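One structure is given here, and the rest of the page talks about it.
Being a predicted model, the structure only gives us computed values, none of them experimental. Sequential numbering from 1 along the given sequence is applied to the chain's residues.
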Amino acid sequence: MTTLDESVQDLFTQVVARNPGEAEFHQAVHEVFDTLGPVLAKHPHYADAGILTRLCEPERQIIFRVPWVDDAGDVQINRGFRVEFNSALGPYKGGLRFHPSVYLGVIKFLGFEQIFKNALTGLPIGGGKGGADFDPKGRSDAEIMRFCQSFMTELYRHIGEHTDIPAGDIGVGGREIGYLFGQYKRITNRYESGVLTGKGLSWGGSQVRTEATGYGTVFFVREMLAAGGQTLDGKRVVVSGSGNVALFAIEKVQQLGGHVVACSDSSGFVVDENGIDLELMKEIKLVERGRIADYVTRRGSGTQFVESGSIWSVPTDIAIPSATQNELNAADAEMLIRNGCRIVAEGANMPTTPDAVRALNEASVGFAPGKAANAGGVATSALEMQQNASRDSWSFDYTEQRLADIMRGIHDSCLSTADEYGMPGNYVVGANISAFTQVADAMLALGVV
Ligand code: NDP
């Protein structure tokens with residue numbers, strides 16, 4: 001990692017020492033600290049009040065055993081997490097990730113990012129994140145249900161519509177939110193819709209929540225293009241992943257006239273020069289829960305499955321990494337630059353490594369960090385909470401318009417903050433400083449708590 005401004009280097013060293021072995025968390029903190037020098041110089045009262053030290057220490061971290069019985073009758077034990085990071089702006093809000101790679105460092109990186117992302121939405125939500133090192137791949141529906149029920153049997157005592165509101169993330173979609181909500185309802189004997197977001201439409205969910213992260217990322221890209229007098233029409237786009245974020249990013253790109261030529265899962269990537277057939281991809285991924293190679297078998301000529309190699313070698317105008325952290329490295333960035341890519345927008349959380357971000361910046365490729373570009377998911381979760389609180393449900397068109405307006409607002413505040421701090425066009429600086437000042441001001445107002 002590069003050396004930081006001296007105003008924050010000591011503090012970063014302390015964060016690393018206090019949180020050993022949590023590389024992803026260190027990376028997320030470093031990325032934010034790297035951009036805060038100008039705001040700390042202009043407003044020294046933030047440093048004087050110890051805001052940064054407090055921001056890096058979660059308000060509460062819960063780690064728990066998740067025992068469950070698999071279909072063979074064997075006992076399985078997983079580890080569950082909920083990190084309630086910061087509630088200065090509102091109740092903790094952030095998704096749950098079920099993936100074997102989950103450990104405290106991953107949840108803390110995601111929770112830390114979430115504080116800033118949620119602030120950018122302008123909605124009253126604090127930051128948190130949770131999950132488990134559970135691997136849902138290959139598990140039956142009944143096993144998924146038993147796992148979710150056991151997970152919620154501990155989690156329920158820590159959450160609530162005014163306290164902490166989880167949602168989905170990798171490995172947690174509508175099915176899992178259903179099982180989690182069912183168990184919460186059973187244990188508490190309360191139909192407290194606002195305790196989880198990402199619910200089904202007939203039981204308290206919001207229109208557009210399923211689509212929101214992917215759609216929102218593409219709305220952000222639309223704003224970036226518009227700032228340069230361009231549109232998505234006719235642009236080549238590569239989207240990594242083929243989960244919730246990726247599928248709906250592809251959908252919105254296609255609706256806006258773009259041409260998505262590649263997407264992936266953890267087994268490899270597919271290239272389809274005729275444009276990804278989204279209906280087929282959704283059938284394979286959402287209904288059959290199959291592997292991406294099935295797409296090539298079914299779609300036939302003109303398509304290709306690449307098992308090893310990088311999806312970022314596929315020439316494109318716009319790249320939307322939407323799978324997982326650190327999936328686009330410096331070598332990938334160089335390939336994108338060489339092939340003429342002009343925009344990278346993070347649908348996933350921290351998919352681009354710091355040296356890749358540096359390379360993109362040096363080549364003047366527009367780069368939208370996840371905390372800004374993928375904030376549409378949590379923003380629509382907050383809209384779901386609004387509907388639950390008022391026992392109302394809004395139409396698809398109205399909710400989508402609210403999402404588009406929020407994404408425009410985030411885009412514009414990133415640009416105007418970057419301008420204010422002398423870094424025009426730098427979305428990373430704009431997002432970090434704009435979010436930091438909102439959270440820091442609220443923390444100052446609330447005193448040392
Ligand atoms: P899903 O579980 O729906 O999809 C994840 C996709 O990424 C799958 O295609 C998966 O492939 C692939 N993937 C996961 N891990 C790896 C890996 N180690 N290497 C390569 N591919 C991998 O998750 P989401 O779409 O919900 O989340 C994707 C990203 O977006 C995450 O970073 C998440 O934090 C972020 N995000 C999600 C939001 C949401 O609303 N869902 C909101 C904001 C951010 P496979 O099936 O083979 O594992």
Side-chain angles (χ1 to χ4, degrees), residues 27-36 38-39 86 89 93-95 109-123 125-127 129 169 212-228 239 245 248-249 252 318-322 325 328 342-354 356-357 360-361 365-383 402-421 423-440:
Q27 185 182 332
V29 172
H30 190 281
E31 188 262 323
V32 170
F33 278 16
D34 201 20
T35 54
L36 293 185
V39 70
N86 192 296
L89 295 179
K93 181 90 196 84
F109 121 62
L110 291 165
F112 186 75
E113 288 270 300
Q114 197 80 43
I115 305 169
F116 301 95
K117 180 187 308 192
N118 293 4
L120 285 172
T121 67
L123 297 165
I125 39 179
K129 199 81 186 188
D169 190 78
T213 309
Y215 277 22
T217 304
V218 177
F219 287 147
F220 198 95
V221 169
R222 180 172 64 177
E223 297 302 324
M224 293 171 83
L225 286 163
V239 179
V245 178
F248 292 101
K252 187 50 73 180
I318 296 167
I320 306 185
S322 304
Q325 63 268 14
L328 195 168
R342 297 310 307 148
I343 285 180
V344 175
E346 294 188 325
N349 286 314
M350 213 170 73
T352 318
T353 62
V357 176
L360 294 170
N361 275 337
V365 173
F367 174 73
K371 60 172 77 70
N374 72 36
V378 75
T380 308
S381 276
L383 301 183
R402 292 279 305 259
L403 170 64
D405 293 344
I406 289 168
M407 296 315 295
R408 184 176 309 116
I410 296 173
H411 174 270
D412 293 352
S413 92
C414 288
L415 277 194
S416 61
T417 308
D419 275 348
E420 185 187 337
Y421 285 88
M423 304 282 277
N426 190 321
Y427 288 93
V428 177
V429 168
N432 286 347
I433 294 185
S434 165
F436 170 77
T437 50
Q438 288 177 60
V439 179

Check: Any idea which heavy atoms bring V245 and G347 closest together, and the distance?
Finding: CG1-O, 3.7 Å
Note to self: Could you go through F219 and L403, starting from their C-alpha distance and side-chain angles, then the distance that decides it, and tell me whether this counts as side-chain contact (heavy atoms from CB on, under 4.5 Å)?
What the structure shows: CA-CA 9 Å; F219 287 147; L403 170 64; 3.9 Å; yes
Next item on the list: Could you verify whether a donor N or O on one side chain and an acceptor N or O on the other, from K371 and N432, lie under 3.5 Å apart?
Entry: yes
Check: What are the two closest heavy atoms between K93 and S381, and how far apart are they?
Finding: CE-CB, 3.5 Å
Next item on the list: First locate atom NZ of K117, then atom CZ of F112, and finally report the distance between them rounded to the nearest 0.5 Å.
Entry: 13.5 Å
Check: Quick one: does F109's side chain get under 4.5 Å of V29's, heavy atoms only?
Finding: no
Notebook entry, point to check: Could you state the interatomic distance from OG (S413) to CD (Q438), rounded to the nearest 0.5 Å?
Noted result: 7.0 Å
Notebook entry, point to check: Which salt bridge (Lys or Arg N to Asp or Glu O under 4.0 Å) pairs, counting each pair once, include a residue from residues 407-418, with sequence neighbours left out?
Noted result: E223-R408, D405-R408
Checklist line | Within-4.5 Å side-chain heavy-atom neighbours: T217 and S322 | finding: no
Note to self: I'd like to check V39 versus T437 (side-chain heavy atoms, cut-off strictly below 4.5 Å). Are they in contact?
What the structure shows: yes
Note to self: With a 3.5 Å distance limit and no angle check, can you tell me whether S434 reaches the backbone of A431 through a side-chain donor-acceptor pair?
What the structure shows: no
Item checked: Ring geometry between Y427 and H411 (parallel below 30°, tilted from 30 to 60°, perpendicular above 60°) -> tilted
Note to self: Keeping Q114 on the side-chain end and G127 on the backbone end, is there a donor-acceptor pair under 3.5 Å?
What the structure shows: no
Check: Are side-chain heavy atoms of V344 and L328 found at a separation under 4.5 Å?
Finding: yes
Check: Is any side-chain heavy atom of M407 closer than 4.5 Å to a side-chain heavy atom of R222?
Finding: no
Notebook entry, point to check: Does T35 reach the side chain of M423, with side-chain heavy atoms less than 4.5 Å apart?
Noted result: no
Next item on the list: Any chance you could measure F436, atom CZ, to I115, atom CD1, to the nearest 0.5 Å?
Entry: 11.0 Å
Next item on the list: Would you sort out whether T417 and V429 count as a side-chain contact (heavy atoms from CB on, under 4.5 Å), showing the intermediate values?
Entry: CA-CA 8 Å; T417 308; V429 168; over 6 Å; no
Check: Can you check whether P354 reaches Q27 side chain to side chain, under 4.5 Å on heavy atoms?
Finding: yes
Next item on the list: Heavy atoms only: give me the nearest A227-L415 pair and the separation to one decimal.
Entry: CB-CD1, 4.5 Å
Notebook entry, point to check: Would you call N374 and N349 a side-chain contact if the rule is heavy atoms closer than 4.5 Å?
Noted result: yes
Margin query: Restricting to non-hydrogen atoms, name the atom on D419 and the atom on G425 that form the minimum distance, rounded to 0.1 Å.
Written below: OD1-N, 4.5 Å
Margin query: Using a 3.5 Å distance criterion without hydrogens, assess whether the side chain of E346 forms a donor-acceptor pair with backbone atoms of T352.
Written below: yes
Next item on the list: Could you grab the distance from atom CG of L123 to atom CG of L383, nearest 0.5 Å is fine?
Entry: 6.0 Å
Check: From R342 CZ over to F367 CZ, what is the distance, rounded to the nearest 0.5 angstrom?
Finding: 14.5 Å
Checklist line | side-chain contact (heavy atoms from CB on, under 4.5 Å) assessment of V221 paired with I318 | finding: CA-CA 9 Å; V221 169; I318 296 167; 4.1 Å; yes
Margin query: Looking at every heavy atom in both M224 and A368, which two are closest together, and how far apart are they?
Written below: SD-CB, 3.8 Å
Note to self: Minimum heavy-atom separation for V428 and N426, please, with both atom names.
What the structure shows: N-OD1, 3.1 Å
Next item on the list: Verify side-chain contact (heavy atoms from CB on, under 4.5 Å) between N118 and L89, making sure each step is shown before the conclusion.
Entry: CA-CA 9 Å; N118 293 4; L89 295 179; over 6 Å; no
